[in-house]
Amino acid sequence: MSDDRRTTDQTGGAATLPKRRPDLLRSLAHRLAGDDTALPVEGHLPPFDDATGWLNSEPLTPLGLRGRVVAVDFWTYTCINWLRTAPYVRAWHAKYRDLGLTVIGVHTPEFGFEHDLDNVTTRSRGFGVEYPIALDSDYGVWQAFANHFWPALYVADVEGRIRYHHFGEGEYAMAEMVVQQLLLEAGVEGIDPDLVSVEPAGFEVPADWRTLRSPETYLAYGRSAGFASPERARSGEPHTYSEPPRLDLNEWALLGTWTIAQHAAVVNEPGGAIAFRFQARDVNLVMGPSARGTSVPFRVLLDGKMPGRAHGFDVDDQGNGRVADQRLYQLIRQSGPVGETLFEIEFLDAGVEAYCFTFG
């Protein structure tokens, strides 16, 4: 998606950018003799002055980073698209940091709870992010880069010139070969030309694009595409909703008493539920308790049955789980061929905010 939303698109709706040529797919280390292709200069590394804080590092500046290749990775911790890129970014940091690469993760929050320092600290540690993180709660760094996407990668050479960018997932080989090329241009020796190999698990496993037919779906008022409860959505006030006789693919409904607020759908009474007809291997939901420190039990069903082996890692095989943190939850991970399926989640107590479904 574009316009300050997550994307798996390569170019999205951003400003005009230099076109890439097929021969840029080789780094200097992979070139044929006599091939003198150069990466374009796309601009200069903007300052990080408007970062609201830093993790894993003292504040960094473009001037202080001169002499090092810099990879700037925009992310937010609930973004499934970023999570699927994370193994590669971690691997590049591990392989090239002693050869002259600095990776900077710019954490620009999408949801309100992602501004919380404790949340970001806990999640970044859980995801194994050891490289410097610029906290961008006010979007200052985002605006300095004129960025519009999560995730977004910008790679600058040792002179602070941006030589490559990519929006969304994919192009991992290309991005790593760019890093290799810029290190070689800087005179670094001893670079292993083999590309990193990763073993993703959990959220980081690539989506099954062959069967994925359900899009990211927000539950907040005004952003709730596919909402199909017979009752009209009401903004910011409790209302009782029901499920229609049938949901078509990518339609969803609320059941019970909910408040559809500007930021999320909030369950007001025990037994509130969401039904969603989807097609994908994975079902994920960004959600959290309304009151910090509380824990709300829930259960999920697939076509009216317990999920069994199709349960996600935040749910047991009987479909039981608990909402205790503000984060992304994996509720379903199916195996084998998948078709249209009815997913249901019921909250056994009030006090949960549900933000966004993502699929994989």
Roughly how far apart are L195 CG and Y88 OH, rounded to 0.5 Å?
10.0 Å
Check against side-chain contact (heavy atoms from CB on, under 4.5 Å), F203 and Y329:
CA-CA 9 Å; F203 287 125; Y329 289 75; 5.6 Å; no
Partner of W252 under ring pair (Phe, Tyr, Trp, His ring centres under 6.0 Å), chosen from F227, Y218, F343, Y241
F227
L55 and L117: CA distance, side-chain angles, deciding distance, side-chain contact (heavy atoms from CB on, under 4.5 Å) verdict:
CA-CA 10 Å; L55 298 176; L117 178 59; 4.0 Å; yes
Quick check: are there more than 12 heavy atoms from other residues, nucleotides or ligands sitting under 6.0 Å from CD of E58?
no
Going from OG1 on T122 to CG on D325, what distance comes out if it is rounded to the nearest 0.5 angstrom?
8.0 Å
Donor-acceptor contact below 3.5 Å, side chain N250 vs main chain R213:
yes
Between D136 and V106 (side chain of the first, backbone of the second, donor and acceptor by atom type, cut-off under 3.5 Å), is there such a pair?
no
Report yes or no: do E171 and Y164 form a side-chain donor-acceptor pair below 3.5 Å?
yes
Set of ring-ring contact (aromatic ring centres under 6.0 Å, His included) partners for W92, sequence neighbours left out
none
Answer yes or no: does atom CZ of R299 have more than 12 heavy-atom neighbours from other residues, nucleotides or ligands under 6.0 Å?
no
Please tell me whether Q279 and T211 have a donor and an acceptor in their side chains that are separated by less than 3.5 angstrom.
no
Show the nearest heavy-atom pair for residues R246 and D248, with the distance to one decimal.
NE-OD1, 3.6 Å
What's the separation between atom CD in E269 and atom CH2 in W258, rounded to the nearest 0.5 Å?
11.5 Å
Does any non-hydrogen side-chain atom of M174 lie less than 4.5 Å from one of H166?
no
Return yes when atom CZ of R125 has more than 12 non-hydrogen atoms of other residues, nucleotides or ligands closer than 6.0 Å, and no otherwise.
no
So do C356 and E216 actually touch side chain to side chain, heavy atoms under 4.5 Å?
yes
Residue pair S57 / P132: nearest heavy atoms and the distance that separates them
CB-CB, 3.5 Å
For P297, what residues pass the side chain to side chain contact (heavy atoms under 4.5 Å, CB included) criterion, not counting sequence neighbours?
R322, L348, D349
Hey, are T259 and N268 close enough side-chain-wise for a donor-acceptor pair under 3.5 Å?
yes
Residue pair P230 / P244: nearest heavy atoms and the distance that separates them
CD-N, 4.0 Å
Using distance alone, with no hydrogens and no angle criterion, decide if E231 and H239 have a side-chain donor and acceptor under 3.5 Å apart.
no
For the atom pair CG (L255) and OG (S242), what is the distance rounded to the nearest 0.5 Å?
7.0 Å
Quick one: list whatever passes ring-ring contact (aromatic ring centres under 6.0 Å, His included) with F113, sequence neighbours left out.
F111, Y355
Look at the side chain of H107 and the backbone N and O of I133, then say whether any donor-acceptor pair between them is shorter than 3.5 Å.
no
Does the side chain of M306 come within less than 4.5 Å of Q318's, by heavy atoms?
yes
Which atom of K95 lies closest to which atom of V196, heavy atoms considered
CD-CG1, 3.7 Å
Show your working on side-chain contact (heavy atoms from CB on, under 4.5 Å) between I274 and L219 and close with a plain yes or no.
CA-CA 10 Å; I274 308 171; L219 307 182; 3.9 Å; yes
Treating Q330 as the side-chain partner and G312 as the backbone partner, does any N or O pair qualify as donor plus acceptor under 3.5 Å?
no
How far apart are the C-alpha atoms of F359 and F276, what are their side-chain angles, what is the distance that settles it, and do they pass the ring pair (Phe, Tyr, Trp, His ring centres under 6.0 Å) test?
CA-CA 12 Å; F359 301 90; F276 198 125; 5.2 Å; yes
Which heavy atom of P87 sits nearest to which heavy atom of E204, and what is that distance?
CG-OE1, 3.2 Å
Distance-only donor-acceptor check, side chains T78 and E114, under 3.5 Å
yes
State yes or no: are the ring centers of F145 and F74 separated by less than 6.0 Å?
yes
Any sub-3.5 Å donor-acceptor pair from S124's side-chain atoms to T121's backbone N or O?
yes
Any non-hydrogen side-chain atom of V286 less than 4.5 Å from a side-chain atom of E110?
no
Do L184 and I191 touch side chain to side chain, with heavy atoms closer than 4.5 Å?
yes
Check whether the side chains of E353 and H263 place a donor and an acceptor atom closer than 3.5 Å, and report yes or no.
yes
Same cluster (ILVMFWY, side-chain, under 4.5 Å), I345 and V266:
no
Distance col, row E185:CD vs D157:CG, nearest 0.5 angstrom, shows 7.0 Å
Does a side-chain heavy-atom distance below 4.5 Å link Y131 with V89?
yes
Could you point out which residue of F127, W75, Y77 forms a side chain to side chain contact (heavy atoms under 4.5 Å, CB included) with L83?
F127
Cluster overlap L247 with I260, hydrophobic side-chain contacts below 4.5 Å:
no
Is it possible for you to say whether V205 and L328 belong to one hydrophobic cluster, with membership spreading through side-chain heavy-atom contacts below 4.5 Å?
no
Can any side-chain N or O of R327 pair as donor or acceptor with the backbone N or O of N119 at less than 3.5 Å?
no
Give the minimum heavy-atom separation between A275 and E344, together with the two atoms involved.
CB-CG, 4.1 Å
State, yes or no, whether a side-chain contact exists between S290 and V267 at a heavy-atom distance under 4.5 Å.
no
The test is side-chain contact (heavy atoms from CB on, under 4.5 Å); show your working for R163 and V41 and say whether it passes.
CA-CA 5 Å; R163 305 289 295 280; V41 175; 3.9 Å; yes
Under the 3.5 angstrom rule, does the side chain of D303 hit a backbone N or O of L342 as a donor-acceptor pair?
yes
Can you check whether I104 reaches V70 side chain to side chain, under 4.5 Å on heavy atoms?
yes
Between Y139 and P109 (side chain of the first, backbone of the second, donor and acceptor by atom type, cut-off under 3.5 Å), is there such a pair?
yes
In this structure, would L285 and L249 fall into the same cluster of hydrophobic residues linked by side-chain contacts under 4.5 Å?
no
Under 3.5 Å, side chain of S229 to main-chain N/O of L254, donor-acceptor pair present?
yes
Nearest-0.5 Å distance that lies between atom CG in L331 and atom CZ in F313:
9.5 Å
Short question: side chain of W150, backbone of I80 - any donor-acceptor pair under 3.5 Å?
no
If you group Ile, Leu, Val, Met, Phe, Trp and Tyr by side-chain heavy-atom gaps below 4.5 Å, do W142 and W54 land in one group?
yes
